[in-house]
Amino acid sequence: MTVLKTSLRNFLAHKGRMALSAVAVLLSVGFVTGTLVFTDTMNTTFDKLFQATSSNVTVSAKGSSDTGETTSRTGKPPVMPASVLGEIRKAAGVRSAEGTVFSTSVTVVDGHNDKLSPTSGAPTIVGNWNHNDARTMKITSGAAPKDAGQVMLDADTAKKHHLKLGDDIGVITALGTHHARVSGIATFTVTNPGAAIFYLETKTAQQTLVGRTGVYTNVNVTAAKGVTDARLKKNVTAALGGGYKVQTAKEVADANQKDVESFLNVMKYAMLGFAGIAFLVGIFLIINTFSMLVAQRTREIGLMRAIGSSRRQVNRSVLVEALLLGVIGSVLGVGAGVGIAVGLMKLMGSMGMHLSTDDLTVAWTTPALGLLLGVVVTVLAAYLPARRAGKVSPMAALRDAGAPADARAGIVRAVIGLVLTGAGTASLYVAGTADKATGGSAWLGLGVVLTLIGFVVIGPLLASGLIRVLGAVILRVFGPVGRMAERNALRNPRRTGATGAALMIGLALVACLSVVGSSMVASATDQLDKTVGTDFIIQEDHGQVINPQAVKAIKATPGLERVTEYRGTVADYTTPDGRTLKDTDITAADPTYARDLRKKTVAGNLEDAYRPDSMSVHQKFAKAHGIHLGSKITVAFKDGSTAHLTVRAITSSDEVIDQGAMYTSIATLAKYVPADKMPLDQLVFATAEDGQQAAAYKALKSALHDYPQYTVRDQTDYKKALKDQIGQLLNMIYGLLALAIIVAVLGVVNTLALSVVERTREIGLMRAIGLSRRQLRRMIRLESVVIAVFGALLGLGLGMGWGATAQKLLALEGLKVLDIPWATIITVFVASAFVGLFAALVPAFRAGRMNVLNAIATD
């Protein structure tokens with residue numbers, strides 16, 4: 001009980017000093033809790049949606065996916081004849097059955113030819129209005145479509161794009177463009193998953209999406225009273241025989257949920273990873289806080305030991321303070337986490353996915369995990385300071401309080417740090433010289449962990465040296481004030497090292513990712529310059545195929561020397577070694593593609609691969625299956641017949657663009673695949689006549705005006721798009737890393753604040769002998785800046801080393817250019833100095849306001 005009272009007294013006496021540590025715990029726990037609450041809520045929302053939208057049994061066409069996704073290489077969804085509907089209705093246990101047709105391989109535009117697709121990446125769906133959809137949507141304006149000239153859409157899309165009854169809508173498919181006017185608007189009665197949904201009259205939907213009536217993509221079957229879904233599935237399967245996909249409501253919901261969970265899990269674990277980094281940084285903050293509090297209470301602890309307190313009691317007293325800190329920070333963090341989850345839901349709402357707070361899911365395990373994590377991490381972080389407190393002797397009461405016992409890093413610590421750093425450096429070297437990326441990545445991971453730990457352990461030793469160098473470069477110009485700031489930073493190297501290490505972690509990751517991202521862009525750009533021999537690339541950015549009408553418009557564009565079509569399909573390969581490889585990709589293109597992409601070959605000429613009944617393979621594939629020029633591969637095309645193709649070229653496996661592609665001609669593909677099953681183009685390449693590039697670029701954009709889903713890019717545009725994609729990913733990662741950097745800044749603030757308290761008498765004496773308030777504040781700000789710059793040097797140096805090693809592994813995959821983004825590195829370095837300046841504002845202000853006499857009289 002005495003230990004608890006002592007702990008409570010000390011905790012309350014230093015509550016201001018504990019606040020920043022509590023904020024660090026709060027942020028870390030809040031991020032973990034918020035991530036779990038948000039993903040649980042998303043799962044709950046989609047569970048309800050899938051349950052509401054699934055009929056008892058769903059019958060789908062052969063070839064459709066488990067989730068109902070209809071995108072295909074032909075641009076048309078797989079279908080089944082309408083006669084299936086009658087057979088299903090005759091099955092035992094069927095109350096009703098309704099045929100539906102829908103597709104996601106569509107683009108919908110308004111009267112101004114502007115796309116109405118969601119910007120969140122959710123699909124655009126066009127189908128026929130049916131009873132199953134009426135379960136989750138209610139017509140709130142107008143009426144459902146009754147003829148070919150009418151279309152109905154969801155209320156969220158109508159609101160976002162300011163559409164109203166009577167407005168013109170264009171539905172663009174592989175078959176052409178269908179125009180209709182808005183006849184109705186339907187509102188979701190469940191959560192809108194973010195999709196843009198458009199409804200046509202049934203025959204119009206069939207003709208527009210498939211090209212013929214009398215077919216369906218799905219049949220929704222409702223069970224008679226007392227018939228289970230499993231029994232109904234068996235009855236329907238027996239009635240239909242083989243050739244169709246029959247699923248219960250649970251099977252459809254599970255397939256959809258699995259698809260959603262795969263995305264949510266990536267997001268969840270990524271966010272939890274960044275929360276873990278924030279926890280790691282918070283550990284340094286907590287260690288520093290308790291180390292300084294123990295140092296400042298040396299005399300007090302010595303007196304406690306003198307009057308009979310045991311080492312265990314002193315140790316437990318500090319750990320109880322940490323427990324209180326962990327509990328308070330974690331409880332507040334759990335509350336903040338729910339707020340973060342709601343904020344993420346609002347953010348998703350702004351992107352088109354409207355999540356209701358009615359579905360907010362807080363499982364009991366989430367706050368329990370947050371509390372456990374926050375408390376355990378805090379107590380573990382405080383263990384070393386607590387152990388140090390227990391070692392304080394009774395004689396310490398006779399010495400001045402606050403005298404650090406560890407002014408210099410111990411020899412053992414230095415040796416351990418050097419060994420870890422050396423081992424990590426050796427691991428990075430092995431990774432950088434590896435022959436295979438898979439093997440090298442394990443060494444890279446080990447090297448990152450070991451060098452990070454090594455730098456943390458050796459931090460005090462590095463601080464002693466680097467601070468002196470930084471002092472000579474930065475601080476000496478400020479005269480005596482600068483020299484005092486340097487001495488203050490050097491006074492306790494362990495504390496300075498830990499404070500700098502907290503900032504180092506976040507900046508090391510920033511530097512590493514910057515190097516990797518910049519090298520990827522530079523490598524891809526270099527590959528484009530060396531291998532791409534065409535002027536323009538036309539594609540749909542979300543993977544949709546290019547319809548024949550658009551290809552015809554491209555070919556009719558004036559000023560073009562050649563146009564190359566590029567499409568892909570899958571086939572079963574039987575190789576000379578007797579092995580059969582299922583669903584293997586094969587790329588079909590026009591013979592001019594050999595000029596559009598200067599693909600390096602290790603044997604033969606790529607032009608020969610486009611001869612009749614010929615193909616190419618890449619080097620790794622050839623080596624794995626004993627293939628050489630002249631070898632024959634049996635290729636059973638999907639939805640087509642079997643061909644025996646002769647290998648006429650073997651391409652390099654090292655290039656980034658079309659890496660691993662195996663080519664044949666479109667003419668060869670057409671010989672074995674029926675016209676109605678032929679895949680459409682994924683890309684189209686166009687090359688302008690000499691001197692006509694600018695005019696042809698403008699003409700191409702004009703020719704594709706009626707096809708806004710397709711983007712025309714020249715090589716400059718393509719490079720910019722690539723850079724923007726990687727930049728967006730990096731910016732998102734930087735945003736998540738900002739949490740760790742915020743915690744690190746709190747650590748600098750806390751270190752300075754406690755340092756000011758520790759030096760109260762010293763500050764009073766300096767003020768008494770003539771140091772002005774401005775000089776005092778400048779001294780503290782300079783101390784903060786030099787600590788932040790120290791952490792930045794360590795982090796940026798370490799991160800660039802990691803990034804350079806990672807690039808060596810990427811080089812094995814064809815990304816061979818190492819590019820150091822010096823502008824980013826320098827910006828981060830300069831920004832770190834401003835971070836130090838910002839962190840010192842409050843401690844410097846408080847120090848300047850100290851009463852000189854009271855400060856001198858401080859015990």
Side-chain angles (χ1 to χ4, degrees), residues 38 41-42 45-46 48-49 52-53 69-71 102-129 133-134 136-145 149-173 177-200 205 208-209 260 263 267 342-359 540-544 705-711 724 728 732:
F38 174 69
T41 300
M42 288 277 282
T45 296
F46 281 102
K48 290 183 178 180
L49 176 66
T53 55
E69 176 64 45
T70 64
T71 300
F102 76 99
S103 176
T104 56
S105 296
V106 292
T107 299
V108 183
V109 296
D110 62 14
H112 302 289
N113 222 33
D114 293 327
K115 288 192 288 187
L116 303 178
S117 301
T119 55
S120 61
T124 299
I125 303 172
V126 176
N128 66 320
W129 177 249
D133 287 322
T136 56
M137 299 187 78
K138 179 181 179 182
I139 300 175
T140 52
S141 180
Q150 296 182 336
V151 63
M152 184 168 69
L153 71 156
D154 70 276
D156 293 320
T157 302
K159 181 179 179 181
K160 180 179 179 180
H161 296 281
H162 310 291
L163 297 171
K164 59 185 183 301
L165 298 180
D167 285 349
D168 182 64
I169 295 290
V171 178
I172 307 172
T173 70
T177 303
H178 172 77
H179 287 277
R181 294 196 174 273
V182 177
S183 66
I185 296 174
T187 303
F188 279 94
T189 56
V190 295
T191 294
N192 178 5
I197 304 181
F198 301 84
Y199 295 102
L200 300 170
T208 301
L209 303 176
V260 170
F263 162 73
M267 182 172 65
V342 172
L344 289 171
M345 291 168 64
K346 297 294 184 186
L347 178 63
M348 295 297 287
S350 67
M351 296 171 62
M353 185 179 290
H354 302 291
L355 302 174
S356 173
T357 51
D358 293 339
D359 294 330
E540 202 281 332
D541 289 337
H542 297 96
Q544 288 186 32
H705 176 267
D706 293 334
Y707 305 95
Q709 69 271 40
Y710 306 131
T711 303
D724 289 345
Q728 288 172 4
M732 182 178 67

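Taking every heavy atom of both residues into account, Met137 and Tyr199 meet most closely at SD-OH, 3.2 Å. When all heavy atoms of Met152 and Pro145 are compared, the pair lying nearest together is CB-CD, 3.8 Å. The heavy-atom pair separating Ala195 from Thr157 by the smallest distance is O-OG1, 4.3 Å. Between His161 and Lys115, the shortest heavy-atom contact is CE1-O, 3.8 Å. Counting all heavy atoms, side chain and backbone alike, Val109 lies closest to Asn113 at CG2-OD1, 3.7 Å. Taking every heavy atom of both residues into account, Arg181 and Gly166 meet most closely at NH1-O, 2.8 Å.
Within the 4.5 Å cutoff, side-chain heavy atoms of Ile172 are placed close to those of Pro708. For the pair Ile185/Leu153, a side-chain contact is recorded, criterion being any heavy-atom separation below 4.5 Å from C-beta on. Between Ser141 and Leu165, the closest side-chain pair of non-hydrogen atoms falls below 4.5 Å. Put simply, the side chain of Pro118 reaches to within 4.5 Å of the side chain of Thr124, judged on heavy atoms. Val106 is not listed as a side-chain neighbour of Gln544, based on a closest heavy-atom distance of 4.5 Å or more. Residues Val108 and Val126 are in side-chain contact: their nearest non-hydrogen atoms beyond the backbone lie under 4.5 Å apart. Contact of the Asn128 side chain with the Asp133 side chain is not registered, since no non-hydrogen atoms from C-beta on lie closer than 4.5 Å. Within the 4.5 Å cutoff, the side chain of Met345 has heavy atoms near those of the Thr41 side chain.
Considering Val182, Val171, Leu116 as possible partners of Phe198, the one that fulfils the side-chain contact (heavy atoms from CB on, under 4.5 Å) test is Leu116.
Separation of atoms CG (Asp706) and OG1 (Thr177) is listed at 7.0 Å; rounding is to 0.5 Å. Interatomic distance, Asp167 CG to Ser183 OG, rounded to the nearest 0.5 Å: 12.0 Å. Separating the OG1 atom in Thr173 from the CG atom in Leu209 is a distance of 6.5 Å, to the nearest 0.5 Å. Taking CD of Gln150 as the start and CD1 of Ile169 as the end, the distance is 13.0 Å to the nearest 0.5 Å.
Asp154 places a side-chain N or O within donor-acceptor distance of the main-chain N or O of Ile197, the cut-off being under 3.5 Å.
Using a cutoff of 4.0 Å between basic side-chain nitrogens and carboxylate oxygens, Asp156 and Lys159 are not scored as salt-bridged.
A donor and an acceptor atom, one from each side chain of Thr189 and Thr136, are nowhere located under 3.5 Å apart.
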